[in-house]
Engineer: 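So that we are looking at the same thing, I have put the structure below in structure tokens.
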Amino acid sequence: MSKEKPSIPKGTRDFGPAVVVKRNYIFGVIKRTFEKYGYLPLETPAMEQLSVLTGKYGDEGDQLIFKILNSGDFLSKTTAADIEQGSKHITRKISEKALRYDLTVPFARFVVMNRNDITFPFKRYQIQPVWRADRPQKGRYREFYQCDADVVGTNSLLCEAEIVQMIQEVLTTLGLTDFTIKINHRGILAGIAEAIGEKGRESEICVAIDKLDKIGKEGVRKELLERGIKTAAVEKLEPLYDLTGTNEEILDKLTTLLSETAEGNRGLADLREVWQYLELLQSQALISQNTSGQPRLQLDVTLARGLSYYTGCIFEVKVNNVNMGSISGGGRYDNLTGMFGLPGVSGVGFSFGVDRVYDVLEELQLFPDSSQAGTQVLLVQFDKASEQYALPVLQQLRNAGIASELYPEAAKLKKQMSYADQKRIPYVVLIGSEEMASGKLKLRNMLTGEQQDVTTEELVKVLAG
RNA sequence: GUGGUUGUAGCUCAGUUGGUUAGAGCACCAGAUUGUGAUUCUGGGGGUCGUGGGUUCGAGCCCCAUCUUCCACCCCA
């Protein structure tokens, strides 16, 4: 017997019953919505070959991948010379598997491996945990769930429009009323870079601009200059930070700014097409306004997003008036499967961060009571005779679809009652000698304290109704 | 990966310049009440003060290491 206090790894969590029930409510809303739009579930292994994952997330990302030590004598294939060559080299010798870092790369791997069996366009959703060796902080864990929906094998911008629709539907169903779906396009970012005379440097510009709401104009200016962007270019860029007006007005302004750039035109054309689809779909995202008066869907040229594989539209969702990073994001990637030797397959997808959605719903107290329902009724027993009387009643309740349980021993009444109280079971049925004699069971409403005498049939009827 | 922060009962936290036997509220258990939970009253159990070293006559308090928590960077869901 160890005297050690047990603990769990940094950045991981246990989920108690009450939490799991509420998380399942979120998962359920997301699943039903995905399926309504024709996406089907996929699951992939928790671990992938390390070689599948490395190089897909940039140098920083590679460092955040949890590697799995080879089983057995993991040093058997290494020599002293290997150790001298440093940790990067030795990693390949002692680890060939790793925990998945996201769901998109495993999905791309799956598509490539099963390309002959898949009917394209292939729409799949995937709800599984991912792991990152990041340093935890608020809303950032080392193990967390992603809920991805992706479609590969079509360039149609209908997919982008439907992503907006799904985000709108999921978050509205969950009771959120004040959130912003930000949309932008890599082509616009590239066009802007070209228009200000820094063609090809949009990724550096993006990283800086992405921090606008955090470090302000001056901070971005400083960062851009540090990254070697010319002063003249930085000044040309700054008017874009506060493009005002409706989405249509912003589109018009961008059209005059970017008309000379091929990439910019591509981005603008794509976005206009997405808007057309949304109009024909009578999208609530176009109609709804947030309490702040801001439109639900917002074209935001300062939205950049880190992942380098996006090539077309990009999305991000922010819940307003809560201290939380984005709860959803995604975009189009033209060549993800190209990494695995299958070029020319375009895909677009997005993901919900369930842990963050949970924290937001908790903070805004948006979990409905119905999402927390457990046992409906507890049968209380006094002795062997009452237990035997209760069992058929219990089964009748369950046959009627009523979540019910019989306290498994003839404990003191106080103990059984407080069990019901703590599990927030709304009804208790007492079955004692009087009840058995009369056939009338005592039904107690734990919220109001009211009691009534009912037959078994009446009991089922009351609770089912 | 960088800088800071936190850790005392199951939980939330007190604990004086380092000084006798480390406290409170809530929770838990038992009783008041042998057929009634949540409310009331009484009593009780529970701590190697995150862990390991060090300084000191003496450490919950000071020093070092390590783990953990939270925060800001980097980055990201």
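Every chain is numbered from 1 and lettered A, B, ... according to where its sequence line falls, protein lines coming before strand lines.
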Engineer: Tell me the interatomic distance from Glu450(A), atom CD, to G37(B), atom C1', rounded to whole angstroms.
Structural biologist: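 Interatomic distance, CD of Glu450(A) to C1' of G37(B): 16 Å.
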Engineer: Who pairs with Gln294(A) by side chain to side chain contact (heavy atoms under 4.5 Å, CB included), at least two apart in sequence or on another chain?
Structural biologist: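 Testing Gln294(A) for side chain to side chain contact (heavy atoms under 4.5 Å, CB included), a comparison that skips the adjacent residues, returns Ser292(A), Gln298(A).
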Engineer: Tell me, please, which residues at least two apart from Arg109(A) pass salt bridge (Lys or Arg N to Asp or Glu O under 4.0 Å).
Structural biologist: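 So Arg109(A) forms a salt bridge (Lys or Arg N to Asp or Glu O under 4.0 Å) with Glu48(A).
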Engineer: What's the CG-C1' distance between Leu379(A) and U36(B), to the nearest Å?
Structural biologist: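 Taking atom C1' of U36(B) as the reference, CG of Leu379(A) is at 15 Å.
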Engineer: Going by the rule side chain to side chain donor-acceptor pair (under 3.5 Å), which residues pair with Gln388(A) if we only count those two or more places apart in sequence or in a different chain?
Structural biologist: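 Result, side chain to side chain donor-acceptor pair (under 3.5 Å) vs Gln388(A): none returned.
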Engineer: Under 4.0 Å between a side-chain nitrogen and a carboxylate oxygen: does that hold for Arg201(A) and Glu198(A)?
Structural biologist: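 Yes.
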Engineer: Base, sugar-phosphate or nothing for Ser351(A)? Non-hydrogen atoms, less than 4.0 Å.
Structural biologist: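 Answer is nothing: Ser351(A) stays at 4.0 Å or more from every strand.
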Engineer: Gln137(A) has a side chain; which of C71(B), U36(B), C76(B) sits nearest to it?
Structural biologist: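 For the Gln137(A) side chain, the nearest candidate turns out to be C71(B).
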Engineer: State whether the aromatic ring of Phe144(A) stacks on the base of A77(B), taking stacking to mean ring centres under 5.5 Å apart and ring planes under 30° to each other.
Structural biologist: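 Taking the rule of under 5.5 Å and under 30°, the ring of Phe144(A) does stack on A77(B).
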Engineer: Using the P atom as the reference point in each nucleotide, state the distance between C41(B) and A22(B) in Å, no decimals.
Structural biologist: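 Nearest-Å result for C41(B) against A22(B) at atom P: 28 Å.
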Engineer: Before accepting this row, confirm whether a basic side-chain N of the pair Glu35(A)/Arg32(A) lies closer than 4.0 Å to the acidic partner's carboxylate O.
Structural biologist: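 No, this pair does not count.
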Engineer: Using atom C1' of each nucleotide, how far apart are C26(B) and A38(B) to the nearest Å?
Structural biologist: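 To the nearest whole Å, 15 Å.
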Engineer: Could you tell me whether Tyr145(A) contacts a base, only the sugar-phosphate backbone, or nothing, with contacts defined as non-hydrogen atoms closer than 4.0 Å?
Structural biologist: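 Contact class for Tyr145(A): none.
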Engineer: When you get a sec, tell me which of A77(B), G37(B), C74(B) is the closest nucleotide to the side chain of Ser418(A)?
Structural biologist: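 My answer, after comparing the listed nucleotides, is G37(B).
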Engineer: Taking the six-membered ring for Trp and the single ring otherwise, decide whether the centroids of Phe367(A) and Tyr358(A) are under 6.0 Å apart.
Structural biologist: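 When the ring centroids of Phe367(A) and Tyr358(A) are compared, they turn out to be within the sub-6.0 Å range.
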Engineer: Check nucleotides 31-34 of chain B for protein N or O atoms closer than 3.5 Å to its own N or O atoms and list the pairs.
Structural biologist:
| unit_1 | atom_1 | unit_2 | atom_2 | d |
| --- | --- | --- | --- | --- |
| G31(B) | OP1 | Lys412(A) | NZ | 2.7 |
| G31(B) | OP2 | Lys412(A) | NZ | 3.2 |

Engineer: Within the structure shown, what part of the strands sits under 4.0 Å from Val207(A) by heavy-atom distance: base, sugar-phosphate, or nothing?
Structural biologist: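 Since only primed, P, OP1 and OP2 atoms lie under 4.0 Å of Val207(A), the category is sugar-phosphate.
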Engineer: Expressed in angstrom and rounded to an integer, what is the separation of Gln63(A) atom CD from C75(B) atom P?
Structural biologist: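 Atom CD in Gln63(A) sits about 13 Å away from atom P in C75(B).
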Engineer: Can you list everything that forms a salt bridge (Lys or Arg N to Asp or Glu O under 4.0 Å) with Arg132(A)? Sequence neighbours excluded, please.
Structural biologist: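 None.
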Engineer: Give me, pair by pair, the N or O atoms of the protein and of nucleotides 3-11 of chain B that are less than 3.5 Å apart, along with how far apart they are.
Structural biologist:
| unit_1 | atom_1 | unit_2 | atom_2 | d |
| --- | --- | --- | --- | --- |
| G3(B) | O6 | Arg135(A) | NH1 | 3.2 |

Engineer: Look at the side chain of Leu413(A) and decide which nucleotide, out of G37(B), C75(B), G35(B), has an atom nearest to it.
Structural biologist: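 Output: G35(B).
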Engineer: Could you check whether Arg13(A) pairs with Glu143(A) (Lys NZ or Arg NE/NH1/NH2 to Asp/Glu carboxylate O, under 4.0 Å)?
Structural biologist: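 No, this pair does not count.
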Engineer: Remember a base hit wins even if backbone is also touched, and classify Gly61(A) as base, sugar-phosphate or nothing at under 4.0 Å, heavy atoms.
Structural biologist: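 The residue Gly61(A) makes no contact with any strand.
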Engineer: Can you tell me if Glu238(A) has over 12 outside heavy atoms packed within less than 6.0 Å of its CD?
Structural biologist: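 Counting neighbours around CD of Glu238(A), more than 12 heavy atoms of other residues, nucleotides or ligands fall under 6.0 Å, so yes.
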Engineer: When Val151(A) is tested against each of Ile163(A), Val348(A), Leu158(A) for side-chain contact (heavy atoms from CB on, under 4.5 Å), which residue passes?
Structural biologist: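 Exactly one candidate clears the test, Val348(A).
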Engineer: For Gln365(A), does the CD atom sit with more than 12 other heavy atoms under 6.0 Å from it, leaving out its own atoms?
Structural biologist: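 No, because the 6.0 Å sphere around CD of Gln365(A) holds 12 heavy atoms or fewer from other groups.
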Engineer: Atom OH of Tyr141(A) to atom P of U69(B): distance rounded to whole Å?
Structural biologist: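 Rounded to whole Å, this separation is 11 Å.
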Engineer: When you measure from every atom of RNA chain B, which of residues 420-442 of chain A have a heavy atom less than 4.0 Å away?
Structural biologist: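 The stretch gives Asp421(A), Gln422(A), Leu430(A), Gly432(A), Ser433(A), Glu434(A), Glu435(A), Lys442(A) as the residues lying under 4.0 Å from the strand, ordered by number.
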Engineer: For G31(B) and C70(B), measure between their C1' atoms and round to the nearest Å.
Structural biologist: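 About 43 Å, rounded to a whole number of Å.
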Engineer: Taking atom P in both C75(B) and U12(B), compute the distance separating them and give it to the nearest angstrom.
Structural biologist: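 Looking at atom P only, C75(B) and U12(B) are 34 Å apart.
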Engineer: How far does the P atom of G23(B) sit from the matching atom of C29(B), given to the nearest Å?
Structural biologist: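 Roughly 24 Å separates the two P atoms.
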Engineer: Here's a test of your reading of the structure: between Ser326(A) and Asn445(A), which maps to the more 5' nucleotide of RNA chain B?
Structural biologist: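 Upstream on the strand: Asn445(A).
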Engineer: Could you tell me whether Glu162(A) and Lys123(A) have a side-chain N and a carboxylate O separated by less than 4.0 Å?
Structural biologist: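 A salt bridge links Glu162(A) with Lys123(A).
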Engineer: Can you tell me if Met47(A) has over 12 outside heavy atoms packed within less than 6.0 Å of its CE?
Structural biologist: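 No, CE of Met47(A) has 12 or fewer neighbouring heavy atoms, counting only those of other groups under 6.0 Å.
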Engineer: With rounding to whole Å, what would you report as the distance between U55(B) and C62(B) at their C1' atoms?
Structural biologist: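 The same atom, C1', in both gives a distance of 8 Å.
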Engineer: Under 3.5 Å, sequence neighbours excluded: what are the donor-acceptor pairs made by side chains of residues 422-430 of chain A?
Structural biologist:
| unit_1 | atom_1 | unit_2 | atom_2 | d |
| --- | --- | --- | --- | --- |
| Lys423(A) | NZ | Glu405(A) | OE2 | 2.9 |
| Lys423(A) | NZ | Tyr419(A) | OH | 3.3 |

Engineer: With C1' as the reference atom in both, quote the distance from A65(B) to A27(B) in angstrom, rounded to an integer.
Structural biologist: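 The answer is 36 Å between these two C1' atoms.
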Engineer: Pick the C1' atom in G45(B) and in U34(B), then give their distance to the nearest Å.
Structural biologist: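 Their C1' atoms lie roughly 25 Å apart.
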Engineer: Restricting both atoms to N or O, compile the protein contacts to nucleotides 66-68 of chain B shorter than 3.5 Å, with distance only.
Structural biologist:
| unit_1 | atom_1 | unit_2 | atom_2 | d |
| --- | --- | --- | --- | --- |
| U68(B) | OP2 | Lys10(A) | NZ | 3.4 |

Engineer: For the pair Phe34(A) and Phe352(A), name the ring-plane relationship: parallel under 30°, tilted 30 to 60°, perpendicular over 60°.
Structural biologist: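 Phe34(A) vs Phe352(A) ring planes: parallel.
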Engineer: Choosing from A77(B), C29(B), G37(B), which nucleotide comes nearest the side chain of Lys415(A)?
Structural biologist: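 Taking heavy atoms from C-beta onward, the closest nucleotide is C29(B).
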Engineer: Among A38(B), A77(B), G35(B), which nucleotide sits nearest the side chain of Phe382(A)?
Structural biologist: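 The nucleotide sitting nearest to the side chain is G35(B).
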Engineer: Counting Watson-Crick and G-U wobble pairs whose two distances are both under 3.5 Å, find the runs of 3 or more in a row that involve RNA chain B.
Structural biologist: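 Listed by first number, the stems are B:1-4 with B:70-73, B:10-13 with B:23-26, B:28-32 with B:40-44, B:50-54 with B:62-66.
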Engineer: Could you state the atom-to-atom distance from CE of Met417(A) to C1' of U36(B) in whole Å?
Structural biologist: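 It works out to 4 Å between those atoms.
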Engineer: How would you list all residue pairs meeting salt bridge (Lys or Arg N to Asp or Glu O under 4.0 Å) that involve residues 17-26 of chain A, not counting sequence neighbours?
Structural biologist: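 Only Lys22(A)-Glu362(A), Arg23(A)-Asp355(A) qualify under salt bridge (Lys or Arg N to Asp or Glu O under 4.0 Å).
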Engineer: Enumerate the salt bridge (Lys or Arg N to Asp or Glu O under 4.0 Å) contacts for residues 58-69 of chain A, please, sequence neighbours excluded, ordered by first and then second residue.
Structural biologist: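 Salt bridge (Lys or Arg N to Asp or Glu O under 4.0 Å) check on residues 58-69 of chain A returns no pairs.
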Engineer: Can the positive tip of Arg332(A) be found less than 6.0 Å from the middle of the six-membered ring of Tyr310(A), inside 45° of the ring normal?
Structural biologist: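 Judged by the rule, Arg332(A) and Tyr310(A) form no cation-pi pair.
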Engineer: With no angle test and no hydrogens, is the base of U36(B) tied to the side chain of Gln416(A) by a donor-acceptor pair under 3.5 Å?
Structural biologist: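 Flag unset: no donor-acceptor pair detected.
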